[in-house]
Structure formats: C-alpha cells, structure tokens
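Values reported hereafter were calculated over all heavy atoms of this structure, with side chains retained and with hydrogens, waters and symmetry mates removed. The first residue in the sequence is number 1, and the count goes up from there. What you are looking at is a predicted structure, and each value in this text was computed from that prediction instead of being measured.
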Amino acid sequence: MTGTAEPPRARIAAAGAGRMGRGIAIAFSWGGHEVDLVDLKPRAAAAATRLADDARAEIASSLATLAELGAMPADAIERLLARIRFVAEPGASEALAAADVVFEAVPETLDAKRDAFARLSRDCRPDAILASTTSTILVTDLVPMVDDARRLLNAHWLNPAYVIPLVELSTHPGCDPAVVARLRALLEDVGKVPVVCGPAPGYIVPRLQALMMNEAARMVDEGVATAEEIDRATRYGLGLRFAAIGVVEFIDFGGNDILYHASRYLAATLSPERYNAPAVVDRMMREGRNGLRDGRGFHDYRDVDVAAYRKDVLSRTLAMLRHAGLQRPPR
C-alpha cells in the first residue's frame, strides 16, 4: 500500500543577491524549499563568479554559525546549501519563470525597483506572487510598476531574515486576499510569524522602534543615563516584558488610564510633541474602556477568565526570564 504523496513545495526566487536575498534563501532552504538566488544585474563573467562565490561563502558561514550555536545539526549544512542555486543574469528569465513566489530584494531606490518589477512582470508566471522586501517604499508606490497589482504586496523581513520570526505583510486595496493567504501560509510553513498591515510608512516594527531608538539616543545626549545603562534597562526590563506581552495588550493589562496620566505628565515635563497621547487614548478614558479591569480596552475581555489570563501572562514572562537565564532567587 502506498501513501499519498505530499504536494510539491513552492519554488522560491529571491530577485537580488545581496544580504536580504541571501537571508531569505537560508530561511526557505531551512524550511525544505528549493531557492534560486537571482542576480538581475548584467555583469561580466568574472564579476558574476565573484558575486556567486561571495554569496555562497556568506550563506555557508551563516549556516555554520547556526550549527555552532545549536540551532541545527552540522550535517544539515550541506543539505541546505544544496537547495540554494545562484543564478546569474543570463539565466534569470528561466529561473523567474519557474518560481511560485518571488521576493524582490534589489537596492532601495525607485529606479531599481522599477527596473526589477518590469523584469518580474515580463518573466514571472501570471500566478506567481510578487513580494517586495522594501523597508522604506510604500507598496502603493510599487503598484504602477507591475502588470497585475492583485499579486503584489510587501513582505518586510527583519534581519537576520533566517532568525527573526516576524515578517510584516503590507497590503494595498487592490491586493487579492487569496494572495495574502497563500503567502501567509507559506511563511508559517517555514516557521515565520506573518502579520498584516496597511500601506503606511514604517509598517509596525520600524515605526515603533524608531521612536524608541530616538528617545534612547536623546537620553544619552541629555546625560540622563549612559548608553550602557540604557541598554541594560532595555534588555532586562523593556525587552523581556514586551517579548512576553504585546504593546497594545500591555496598555490593556496595566490600564489605558495609566497611559493617559503618564502621557499628560511627560508631555508637560518633557515634550508635548513627543508625549501627547493620541485621541483614541483620551476617548477610551472618557468611555471607561481602560482595559482588563473594565472588561474592554483595545481588546475585549468580557468573556475572558481574568485569573487564568493573568496567570498566562505571568507564565509567559517567567518563560522569557528562564530563556534569558535570569530566573534565580534573590541573594
């Protein structure tokens, strides 16, 4: 009796052989996919060979480090490397035509994106998903560059792409929901955690982290604390906490009213431009929707077992402490 054969895995192409393309290649080869790392730039044969050798060396080094740190067995390195094929520009059209999903990973300029998407529109199959990896350009600015915007979206990876689980999928009104669902399922299959957001500058993570990084730099400049102390506070307080509970969930957990009063104080004493609360915080304060204890906040807790939920949050936090080696009795 023969078992049912598994459907073939999606074939992946990374259009652009730089750091992001290489990271995506590792992520998908680690997930069992064949990946073409495609160079779209015409080069002399010797230059193409140097680029291929550099890409292979960087990928091999990254895999060796992962094995050294216990993330994968050492004997997996050669298998993963065998799934990644470097394709120079003369072979790009054939590789792109074979791909089910193409991640555009060329330099962050509109001209480079325009040239790349003209090539992808010409060479890729009509049913292939086209996902830009841009970290700065809005997906709505890319829409005019493709022949069929229904299959286009942004897939913003965080470096290193083969380690960080999150991938932010930025969509536009003309994007086919089935395309979003296909890409989301594919990313989840290789261990990623996709989140969907609209076409807004900074997506989710860069928009949040830019504020935090600027404030950290400002505190160093003002002499509030040293860089070392701020980093220590971030790693062992802020970072651990927000790894266990989401930012919006944290507002509800502590109480929107706490954010409301803290924002008013910081706006008065530091900077109204930086700390004035948005209108939604004021509105929820007036409506008595301050989070967990009111049963409603940004999330709805009316059907939640509050004691069990608080225990779960504590469990998540303790798990992060154990992971960081910080759960130990006081001296």
Side-chain angles (χ1 to χ4, degrees), residues 9-41 48 50-74 76-88 92 95-96 99-109 112-113 116-117 120 128-137 139 142 153-170 183-195 202-206 209:
R9 288 183 175 273
R11 186 166 190 95
I12 309 299
R19 177 145 297 171
M20 181 54 70
R22 298 171 192 185
I24 291 171
I26 293 174
F28 279 102
S29 66
W30 200 351
H33 291 264
E34 300 291 325
V35 185
D36 286 333
L37 187 57
V38 182
D39 183 22
L40 297 181
K41 184 176 180 179
R50 284 195 299 272
L51 180 62
D53 290 344
D54 181 69
R56 291 190 189 100
E58 181 179 333
I59 291 170
S61 174
S62 297
L63 292 173
T65 302
L66 288 170
E68 182 182 345
L69 295 174
M72 66 172 62
I77 295 175
E78 290 304 318
R79 292 197 300 275
L80 268 64
L81 283 171
R83 294 182 188 134
I84 301 172
R85 181 176 68 130
F86 181 85
V87 180
L96 293 172
D100 298 296
V101 180
V102 179
F103 292 94
E104 170 274 307
V106 301
E108 293 281 76
T109 69
K113 302 296 185 190
F117 279 112
L120 300 188
I129 294 173
L130 306 183
S132 178
T133 64
T134 176
S135 60
T136 55
I137 300 171
V139 66
L142 302 177
L153 72 168
N154 276 355
H156 177 236
W157 301 65
L158 277 65
N159 278 314
Y162 52 88
V163 173
I164 304 299
L166 184 71
V167 182
E168 297 178 304
L169 302 181
S170 179
L183 185 56
R184 187 169 199 155
L186 176 67
L187 290 165
E188 288 173 345
D189 185 59
V190 296
K192 295 302 173 184
V193 179
V195 297
Y203 309 102
I204 299 171
V205 171
Q209 70 185 13

Point to revise | Ion pair check, Arg50 and Asp53, cut-off under 4.0 Å | key: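 No, Arg50 and Asp53 are not salt-bridged.
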
What is the distance from atom [atom1] of [X] to atom [atom2] of [Y], rounded to the nearest 0.5 Å?
X	Y	atom1	atom2	answer
Leu63	Trp30	CG	CH2	8.0 Å
Leu130	Glu104	CG	CD	9.5 Å
Lys192	Tyr162	NZ	OH	10.0 Å
Phe103	Trp157	CZ	CH2	5.0 Å
Arg22	Ile84	CZ	CD1	11.0 Å
Thr134	Lys113	OG1	NZ	4.5 Å

Practice item. Report the residues that fulfil side-chain hydrogen bond (donor to acceptor under 3.5 Å, both in side chains) with Arg85, sequence neighbours left out, ordered by chain and then residue number. Key: Asp36

Taking [X] for the side chain and [Y] for the main chain, is one N or O donor matched with an acceptor at less than 3.5 Å?
X	Y	answer
Asn154	Ile137	yes
Glu58	Arg19	no
His33	Arg9	no

State, yes or no, whether a side-chain contact exists between [X] and [Y] at a heavy-atom distance under 4.5 Å.
X	Y	answer
Leu96	Leu40	yes
Ser62	Ile26	yes
Leu80	Ile59	no
Arg83	Ile12	no
Leu51	Lys41	no
Val35	Ile24	no
Met20	Ser135	no

Write down the atom of [X], the atom of [Y], and the distance for their closest heavy-atom approach.
X	Y	answer
Gly21	Ala105	N-CB, 4.0 Å
Gly16	Leu37	O-CD1, 3.6 Å
Ala17	Phe86	CB-CE1, 3.8 Å
Ala128	Ala99	CB-O, 3.6 Å
Ala112	Pro107	CB-O, 3.6 Å
Asp100	Arg11	OD2-N, 2.7 Å

Practice item. Only one of Val102, Leu186, Leu153 passes side-chain contact (heavy atoms from CB on, under 4.5 Å) with Ile129; say which it is. Key: Leu153

Practice item. Indicate the ring-plane relationship of Tyr203 and His156, choosing parallel, tilted or perpendicular according to the 30° and 60° boundaries. Key: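 Parallel.
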
